[in-house]
Amino acid sequence: MPDTDPATKSMDEIVALCKRRGFVYPASEIYGGINGFWDYGPLGTALKNNIRDHWWKQTVECPPIGPDGEPVSIVGLDSSIIQNPKVWEASGHVGGFSDPMVDDTETKKRYRADHVWVRKAAGKDGNEVLVAIVLGSQEEAQAAWEHFDSTGKLPDQLRGELSKGVKKCIDGAKFYEDAPISSYVDVSDDQRVMVFGQHASKPGTLTEPREFNLMFETFVGAIRDASSKAYLRPETAQGIFLNYKNVVDTMRVKMPFGIAQVGKSFRNEVTPRNFIFRSREFEQMEMEWFCAPDDSPKWYDFWKHERMRWWESLGVSKSNLRYRDHDDDELAHYSKMCVDIEYKYPFTAPGYGELEGVAHRGCFDLTQHQEHSKQKMEYFDQERQVKGQKAGLSKDEINAQSKYIPNVIEPASGLTRGVLVLLCEAFTPDESRPSKVYMKFKPKFAPIKAGVFPLVNKDGMPEVAQKLYMGLREKFTCQLDAKQSIGKRYARMDEAGTPYCFTVDGDTLSDQTVTVRDRDSQSQERINIDQVENFLADKIGE
RNA sequence: GCGGGUGUAGCUCAGUGGUAGAGCGUCACGUUGCCAACGUGAAUGUCGUGAGUUCGAAUCUCAUCACCCGCUCCA
């Protein structure tokens, strides 16, 4: 630190290096590719696995100490990608994911149909028009027009200006006082030509509301009909809620506790963009933390900070990470509070883009599944019962405190976004070195830990290098390379992000030492050949 | 989904209607004395894909796919 500012890094060069060195390839490339899908090459897979393993270890195997000084308890899970389609009705994804959209064919703008509000008026020319404005709710639209009626102006919170055409149209138009503001969704087909879009220059440019379902559909079994329709999961979280009862019943967990899962999710994104940042198939690392409702603010705060610390532990520079609290109007249907951990990607810089969301989901999901499945999701908290009894509370008071549907705090991060962050973070241009760039991974996450080279292929050096390599390969991912010049080999390792290279030279044969070449400083030191393994173990453990 | 741009070797690109090219990289052999050295040799392309125009298309036309930029979207 300070590390190179992501704003100065070229995404094109990062993508090119990823392909050249086997981190990420376009999916189905020999058939011309397929938009929104990527394949992870040998080094990319190693990098992804390293991040995943670190997350699993820090989340499930050795979770942190909680705010009360007690170690937190989190169990692992691996649920199915395809579930009963009723799951997605209960979770709100089938409804919420298929918001109908409206396009303005003139201005090419697109709106959510339920955010478009129309008001009927008689124009100066005697023709009726429906003036459409885009606002989040009917109340806001109502208030906007009331503001207009009293002041002759629409308020500032309208998204964008009214077009000149609309202004001209409503100037002198007579609004029907008794006609309510209505949703565009309810406008009939023949009335649609009368609708004057907020940004349009003339009426009739808005399309009918159209469905955009972001979930991938498939069919279970050989018969393709409505009853066999199923969905690929759009998030791993629901698999956890589905098994909440199973885990409580079988794992001797008690509140508060977490269930963690890593796996693929699928979203049929409208516009996959920015390399692997938004792809249609991606991998998530999600943990659902179940706790008593009155404890939830404490845990929300805890996980918010804990997750930031975790990203910093990957070697991501503090200055490239930040929190962003969600405004009320962008909160998801399930969420009470949500904070994003964001990274300064080269394509968002100087702005930031989402990396992980820590959401307070309340009891939304479990309540939904309780209603839809008719299975009880209530938890009986015996510790609270005992506490209540000791405090001499009444039976009703004790019940009220010890029976509840748990609240959920959800740190949900993108594993594949984590890969992207480490790729961007590691990518370090350096005009002074032959490769012009090196990948500055923290050694722990580097796909290849070490290179082992004979300085030249003679005088017994290859044999010594081979022996060193044979020992190391049992513990570390490393590469033996005797081809071409030593400089070329260092350069290759720089691009792969290999932190250390051990070179056997003439002195090795007499004094049993090798040189260690450090990727970042390019400096060398000599260590005893017997110490190489300890040296590596030390550096990688850091 | 809309508008604009781009697609030629692994990469960067040249090639405007007449035999498909360069540099780098890759591989082999030789050489080598610490940062993409050198020599010799080799492999690599239905010019994104599919049609059309033409005696002849990488080149012109249309369609399509992918990528990039801007909208839009992102529970």
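We name chains A, B, ... by the order of the sequence lines, and we start the count at 1 in each one.
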Is the A:Y40-A:F23 ring centre distance short of 6.0 angstrom? no
Using a 4.0 Å heavy-atom cut-off, does A:F37 contact any base of the nucleic acid, only the sugar-phosphate backbone, or nothing at all? nothing
Which nucleotide, in any strand shown, forms a Watson-Crick or G-U wobble pair with B:A20, with both distances under 3.5 Å? none
Protein-nucleotide distance (A:M11, atom CE; B:C69, atom P), rounded to Å: 9 Å
Given atom OH of A:Y345 and atom P of B:C69, what is their separation to the nearest angstrom? 15 Å
Taking atom P in both B:U8 and B:C27, what distance in whole Å separates the two? 24 Å
Going by purine N1 to pyrimidine N3 plus the second Watson-Crick contact, or the G-U wobble pair, all under 3.5 Å, which nucleotide sits opposite B:G70? B:C2
To the nearest Å, give me how far apart OH (A:Y25) and P (B:C67) are. 18 Å
For A:G353, answer base if it contacts any base atom (sugar-phosphate contacts may also be present), sugar-phosphate if it contacts only those atoms, and nothing otherwise; contact means non-hydrogen atoms under 4.0 Å. nothing
Using the C1' atom as the reference point in each nucleotide, state the distance between B:C73 and B:A36 in Å, no decimals. 44 Å
Roughly how far apart, to the nearest Å, are B:C35 and B:U40 at atom P? 24 Å
Exceeds 12 heavy-atom contacts within 6.0 angstrom, atom NZ of A:K86: no
Treating A:R489 as the side-chain partner and A:Q484 as the backbone partner, does any N or O pair qualify as donor plus acceptor under 3.5 Å? yes
B:U49 versus B:C11 - spacing of their C1' atoms, nearest Å: 22 Å
Identity of whatever pairs with B:U32 - Watson-Crick or G-U, under 3.5 angstrom: none
Please name the nucleotide paired to B:U26 by Watson-Crick or G-U wobble geometry with both distances under 3.5 Å, or report none. B:A42
What's the gap between B:U61 and B:G21 when it is taken at their C1' atoms, as a whole Å value? 27 Å
Please find the pair of heavy atoms, one from A:Y323 and one from A:K304, that lie closest to each other, and give the distance. OH-O, 2.9 Å
Determine the interatomic distance between P on B:A63 and the same-named atom on B:U59; round to the nearest Å. 16 Å
Base-pairing mate for B:G56 - Watson-Crick or G-U, with both contacts under 3.5 Å: none
Answer yes or no for A:R517 and A:Y500: cation-pi contact, defined as NZ/CZ to six-membered ring centre under 6.0 Å and angle to ring axis within 45°. no
Contact letters for nucleotides 30-40 of chain B, in which S counts primed atoms plus P, OP1 and OP2 and B counts the base, heavy atoms under 4.0 Å: --BBBBBB---
Pick the C1' atom in B:C47 and in B:A14, then give their distance to the nearest Å. 13 Å
Distance in angstrom units between A:D39 CG and B:C67 C1', rounded: 16 Å
When A:L415 is tested against each of A:K264, A:Q284, A:M285 for side chain to side chain contact (heavy atoms under 4.5 Å, CB included), which residue passes? A:M285
C1' spacing across the pair B:G5 / B:A51, given as an integer number of angstrom: 24 Å
Using Watson-Crick or G-U wobble geometry with both distances below 3.5 Å, tell me the partner of B:C62, or none. B:G50
A:F275 has an atom CZ; how far is it from atom P of B:C68, in whole Å? 9 Å
Residue closer to the 5' end of RNA chain B, A:A16 versus A:F277 (nearest nucleotide): A:A16
Any side-chain heavy-atom pair from A:Y345 and A:Y352 closer than 4.5 angstrom? no
Using distance alone, with no hydrogens and no angle criterion, decide if A:D365 and A:Q238 have a side-chain donor and acceptor under 3.5 Å apart. yes
Distance check needed: B:C67 C1' versus A:I276 CD1, whole Å only. 16 Å
